[in-house]
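Below is one structure, written out as structure tokens; the observations come after it.
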Amino acid sequence: MKAMRQNDRWRWLTAGAVTVCLLAFTLLIGLLGWQGMRAFWPQPVDQYLFQPPEGSAVMVLGETLHKQPQGEQWRYVVKTGNRDFAAPDFRVLYSQGAAKTRRPVDAVVLQRRSGGNAYGWLIELREDNEVLTARDRDALLHQRLAQVHEQLRQASHIRRVQMARLNAQLESLQQQADEQRQRGTFTLQDQSEFDANSVALQRRFSALAQQLTHLQHESERDTLVLRDVQGQDHIIPLAQVVDAWYPNAMSFRQKVQHFFSQIWQFVSDSPTSGGGESGAFPAIFGTVLMVLLMSIIVMPLGVVAAVWLHEYAGRNALTRLVRIAVVNLAGVPSIVYGVFGLGFFVWLIGGTLDQLFFSRSLPNPTFGTPGLLWAALTLALLTLPVVIVATEEGLSRIPDNLRQGSLALGATQAETLWRVVLPLAVPAMLTGLILAVARAAGETAPLMLVGVVKMAPELPVDAVFPYLHLDRKFMHLGFQIYDLAFQSPNIDADRPLLYATALLLVVIILSLNLLAMALRHRLRERYRLMTH
């Protein structure tokens with residue numbers, strides 16, 4: 001009875017600990033979701049007439065974030081936007097008594113590519129300074145916005161794909177000619193072919209440049225006139241407007257549609273490709289790509305090391321020393337790995353590669369500078385102990401009679417390892433992969449030294465051969481969270497995006513882990529009968 005009571009006590013303690021962990025995780029997700037998702041919901045726009053304790057009345061238009069009475073006064077925190085012509089974005093105002101307020105139905109919110117939101121009233125639309133008239137001015141505005149966005153998309157495609165391909169072809173052609181000159185095999189016929197190909201490529205490049213200039217000119221023709229709460233008119237090019245909406249006139253269904261469109265825009269847009277300031281696609285792409293490369297690197301190394309430790313290495317001082325070193329490596333601070341990656345991978349290996357294969361580009365480095373490859377290798381080294389320990393524990397749980405039975409049937413040790421032992425250890429390998437992904441995806445400190453940047457001009461993957469450019473720098477969600485929290489010049493405006501980015505990082509890590517867990521469960525069920 002005493003033992004049973006003790007077992008019940010431990011059972012309740014275990015259940016309580018699990019409950020606390022789940023509750024804490026649920027509260028974390030709830031906090032990130034509530035604070036982050038509210039940035040995408042169309043908030044009502046209020047027009048205030050403040051009567052401050054001292055001075056004349058003040059007219060303000062914006063989103064109300066907070067209001068509370070303080071004795072005879074009222075304190076208001078209002079997001080007024082219009083950063084470029086009425087800074088700052090957020091204003092704290094005091095009113096003698098409650099401020100007079102109303103919600104104008106025709107107030108418009110403009111989401112811009114830079115400068116934050118703009119609040120006011122749409123006065124007119126212009127094309128080359130000629131006023132455009134229409135019965136439904138809102139429909140005309142969105143039609144013109146869609147047209148400008150398409151022109152900007154075409155211009156971005158020309159600049160990032162077509163012109164990039166021509167630049168790569170010109171560089172390849174020049175490199176081939178230089179190599180032939182160094183070998184002394186560059187004949188007159190080769191010179192004529194080089195000149196003809198260069199002229200043809202430059203002619204195509206000039207045509208694309210003219211097309212790009214035309215698209216940019218067309219996208220800058222349309223403007224709108226926005227009148228602020230002070231009655232001043234401001235001309236805003238439609239090329240700077242991402243979206244426009246009338247929050248006080250929207251129905252609940254329209255607000256829901258706007259909410260999901262804003263989330264999609266946040267996930268899919270890129271600041272470098274003409275999107276808004278809050279586009280997170282490059283950071284999402286960089287995070288997932290880096291984790292995948294890290295997994296491809298760390299899994300073979302970790303599995304091979306674990307197999308050697310458990311299956312081939314004897315029980316001696318060297319083996320014990322290696323195991324102690326692996327355990328100690330798991331406790332090294334991540335910033336130390338970043339310093340090691342910068343010194344060993346970037347400066348030593350990358351600098352050597354530049355001397356051997358990219359000497360023509362020196363002194364501009366190719367691989368001798370932080371990039372995607374070195375970040376993946378650094379995180380692979382950081383997570384290698386986790387994979388080794390998890391795989392070795394999985395190998396130790398496989399019954400010895402399976403190995404002995406395979407050897408008794410005539411299989412060699414290598415065949416037994418490949419056909420019997422490793423398939424049964426796959427769930428343990430995936431457990432190590434799950435732990436490695438969970439740690440690597442959230443690391444920020446080492447990446448700041450070996451490849452991550454605040455704003456990458458290009459993605460590591462494009463349409464130019466070899467398509468995957470491991471030497472390029474990349475963006476990362478963890479670094480974006482750090483930048484929004486500590487380096488933002490306008491933290492009040494970026495705070496909701498900070499929570500939204502953190503939620504996005506947690507969702508990505510959960511998705512990768514759930515995928516690995518589903519694969520682990522499927523393989524575990526497949527090989528369960530072999531252990532009985």
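Keep in mind that the numbers below use all heavy atoms, side chains included, and drop hydrogens, waters and symmetry copies.
Applying the side-chain contact (heavy atoms from CB on, under 4.5 Å) test to Ala516 and every residue at least two apart in sequence or in another chain returns Ile434.
The backbone N or O of Gly368 sits less than 3.5 Å from a side-chain atom of Asp354, completing a donor-acceptor pair. Arg403 contributes a side-chain N or O that, together with a main-chain N or O of Ile398, makes up a donor-acceptor pair within less than 3.5 Å. Not one N or O on the side chain of Ser172 forms a donor-acceptor pair closer than 3.5 Å with the backbone of Gln169. With Glu393 contributing its side chain and Ala390 its backbone, the two residues share no donor-acceptor pair below 3.5 Å.
Environment of CE in Met517: sparse, with no more than 12 heavy atoms of neighbouring residues, nucleotides or ligands closer than 6.0 Å. Atom NZ of Lys454 sits in a sparse spot, with 12 or fewer heavy atoms from other residues, nucleotides or ligands closer than 6.0 Å. Residue Phe486 places its CZ atom among 12 or fewer non-hydrogen atoms of other residues, nucleotides or ligands, all under 6.0 Å distant. Within a 6.0 Å sphere centred on CH2 of Trp264, heavy atoms belonging to other residues, nucleotides or ligands number 12 at most.
With rounding to the nearest 0.5 Å, the separation of CG in Leu377 from CZ in Phe344 is 9.5 Å. To the nearest 0.5 angstrom, Gln262 atom CD is 14.0 Å from Lys255 atom NZ. For the atom pair Leu409 CG and Gln404 CD, the distance stands at 12.0 Å (nearest 0.5 Å). For the atom pair CD (Gln480) and CG (Leu505), the distance works out to 10.0 Å, reported to the nearest 0.5 Å. In this structure, Met299 CE and Leu384 CG are separated by 10.5 Å, a value rounded to the nearest 0.5 Å. A distance of 11.5 Å separates CG of Leu497 from CD1 of Ile481, quoted to the nearest 0.5 Å.
In this structure, Ile508 and Ile284 have side chains that are in contact, with non-hydrogen atoms separated by less than 4.5 Å. For the pair Leu379/Pro446, a side-chain contact is recorded, criterion being any heavy-atom separation below 4.5 Å from C-beta on. Between Val507 and Ser511, the closest side-chain pair of non-hydrogen atoms falls below 4.5 Å. Looking at heavy atoms from C-beta onward, Val148 lies out of side-chain contact with Val241 at the 4.5 angstrom threshold. Considering only heavy atoms from C-beta on, Val307 comes within 4.5 Å of Leu422 through its side chain. Residues Leu342 and Tyr337 have side chains not in contact (no heavy-atom distance under 4.5 Å, counting atoms from C-beta outward). Looking only at side-chain heavy atoms (C-beta outward), Pro370 and Leu449 stay at 4.5 Å or farther from each other. Between Phe266 and Thr501, the closest side-chain pair of non-hydrogen atoms falls below 4.5 Å.
Among residues at least two apart or in separate chains, there is no side-chain hydrogen bond (donor to acceptor under 3.5 Å, both in side chains) pair with a member in residues 31-40. Applying the side-chain hydrogen bond (donor to acceptor under 3.5 Å, both in side chains) test to pairs two or more places apart or on separate chains, those with a residue in residues 317-335 are Asn316-Thr319, Arg323-Glu392, Ser334-Glu443.
Just one residue in the list Leu293, Val291, Ile297 forms a side-chain contact (heavy atoms from CB on, under 4.5 Å) with Ser295, and that residue is Val291. The side chain to side chain donor-acceptor pair (under 3.5 Å) test with Asp462 is passed by exactly one of Arg472, Arg165, Arg160: Arg472.
Under the 30°/60° scheme for interplanar angles, the aromatic rings of Phe367 and Trp374 are found to stand perpendicular. Relative ring orientation between Phe40 and Phe259 is described as perpendicular, the plane-to-plane angle rising above 60° on a 0-90° scale split at 30° and 60°.
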| field | Residue pair Thr366, Phe357: steps toward the side chain to side chain contact (heavy atoms under 4.5 Å, CB included) verdict | value | CA-CA 10 Å; Thr366 302; Phe357 302 105; over 6 Å; no
| query | How far apart are the C-alpha atoms of Asn167 and Glu171, what are their side-chain angles, what is the distance that settles it, and do they pass the side chain to side chain donor-acceptor pair (under 3.5 Å) test? | reply | CA-CA 6 Å; Asn167 280 327; Glu171 291 178 0; over 6 Å; no
| message | What verdict does the side chain to side chain contact (heavy atoms under 4.5 Å, CB included) test give for Met448 and Thr444, after you've listed the backbone C-alpha separation in whole Å, the side-chain angles of each residue and the deciding distance to 0.1 Å? | response | CA-CA 6 Å; Met448 296 169 64; Thr444 303; 4.2 Å; yes
| task | Could you go through the side chain to side chain contact (heavy atoms under 4.5 Å, CB included) check for Leu459 and Phe281 one step at a time? | result | CA-CA 10 Å; Leu459 292 176; Phe281 177 74; 3.8 Å; yes
| request: Using the side chain to side chain contact (heavy atoms under 4.5 Å, CB included) rule, take Val78 and Phe90 through it: C-alpha gap first, then chi angles, then the decisive distance, then the call. | output: CA-CA 6 Å; Val78 183; Phe90 293 80; over 6 Å; no
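Taking all atoms of both residues into account, the shortest heavy-atom contact from His476 to Met290 is NE2-CE, 3.8 Å. Counting all heavy atoms, side chain and backbone alike, His258 lies closest to Asp243 at CE1-OD2, 3.8 Å. Pairing each heavy atom of Pro247 with each of Gln43, the nearest pair is CB-O, 3.3 Å. Across all their heavy atoms, Lys473 and Thr369 have their closest contact at NZ-OG1, 3.1 Å. Residue Ala283 comes nearest to Leu477 through the heavy atom pair CB-CD2, 3.7 Å, listed as atom of the first residue, atom of the second, then distance. Shortest non-hydrogen contact noted between Ser406 and Thr416 is OG-OG1, 2.8 Å.
Residues Gln413 and Glu311 have side chains that never bring a donor and an acceptor to within less than 3.5 angstrom of each other.
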